[in-house]
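Take a look at the structure below.
Heavy-atom basis, side chains included; hydrogens, waters and symmetry copies ignored. In each ligand, atom 1 is the first atom listed, and ligand 1 is the first ligand listed.
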Amino acid sequence: MSVHVQNSRMTTAKLRQMKANGEKIAMLTSYDFTLASLVDEAGIDMLLVGDSASNVVCGNQYTLPITVDEMIFLTKGVVRAAQHSLVVCDMPFGSYQVSEEEAVRNAIKILKESGCDAVKLEGGEEILPAIRHMIQAGVPVMGHLGLTPQSVNQFGGYGLRAKEDAEAEKLLHDAQLLDEAGCFSIVLEKIPAALAAKVTKAVSCPVIGIGAGNGCDGQVLVLHDMLGLNQGFKPKFLRHFASLAGEIKNAVGDYINAVKDSSFPSAEESY
Ligand code: KIV
């Protein structure tokens, strides 16, 4: 008797097929088991354990301080939650820029210890040798171009990137290099929609946009932003699909009142 095991997990090959079919790809960040389980059950295609965890989880101003071990710790919980989606872990600042050898060593460490499916790293031609070595070593790599938050100190802020022709041309060239090197996907962050659409047509791998318009193969948002948990942050590209900050504060307020007026716990809630 033959046993047929159905593999319903997302793969890089399926993502390519989705691009070929014109089927949009939905990606969200996740940083813990409980929320990742809900997002996975809802049917997301890819979960990104972004180094935005540095801001969202740790409360840092920038993504720069988070470490490889901290990313691995968070990614393990997300991997345990992911029944269907493909899990990508961001390589943090400093883990792939020093040398190709160190980049490959860190990428392998992240894959082995966290159990994720792929890594993402920021940059184009400058980090191409590291990307080539990782792919040769069998590590699936997602690129990230445009606004790359690990370079915030070079950019001098989080403004729109590639507005001028020279930067737009470099971005298109970088995307083609990443595609030729074998990146399974590329994130484009905060660039003009027309440029993102041009890049999406010019490369064979799926392109995922954030603040890059509707011409990409898919979209990614930071989960806490789109759920309306992060009240102070509302850039033009962000849509709030829920307003959970208010709901959480109301629930916590109700709990505090119930404790203070002794209505919680009731007899039914007691042993
Ligand atoms: O770290 C992150 O959350 C990201 C996304 C914004 C793409 O890189």
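- Of the candidates K24, E189, M46, I208 forms a side chain to side chain contact (heavy atoms under 4.5 Å, CB included) with just one, namely M46.
- Between K163 and E167 there is no salt bridge, since no side-chain nitrogen of the basic residue lies less than 4.0 Å from a carboxylate oxygen of the acidic one.
- Listed by chain and residue number, I44, D45 satisfy the side-chain contact (heavy atoms from CB on, under 4.5 Å) test with A26 (two or more places apart in sequence, or in another chain).
- By the 6.0 Å and 45° rule, R161 stacks over the aromatic ring of F155.
- F241 meets the side-chain contact (heavy atoms from CB on, under 4.5 Å) test with L221, M226, R239; sequence neighbours excluded.
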For ligand 1, run through the N/O pairs with the protein that fall under 3.5 Å and put one pair on each line.
from	atom 1	to	atom 2	distance (Å)
ligand 1	1 (O)	D51	N	3.2
ligand 1	1 (O)	D51	OD1	3.1
ligand 1	1 (O)	S52	N	3.1
ligand 1	1 (O)	S52	OG	3.2
ligand 1	1 (O)	D90	OD2	3.1
ligand 1	3 (O)	S52	OG	2.5
ligand 1	8 (O)	K120	NZ	2.8

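- Pairs of residues two or more places apart, or lying in two chains, that qualify as side chain to side chain donor-acceptor pair (under 3.5 Å) and include a residue from residues 65-78 are T67-E70, D69-K109.
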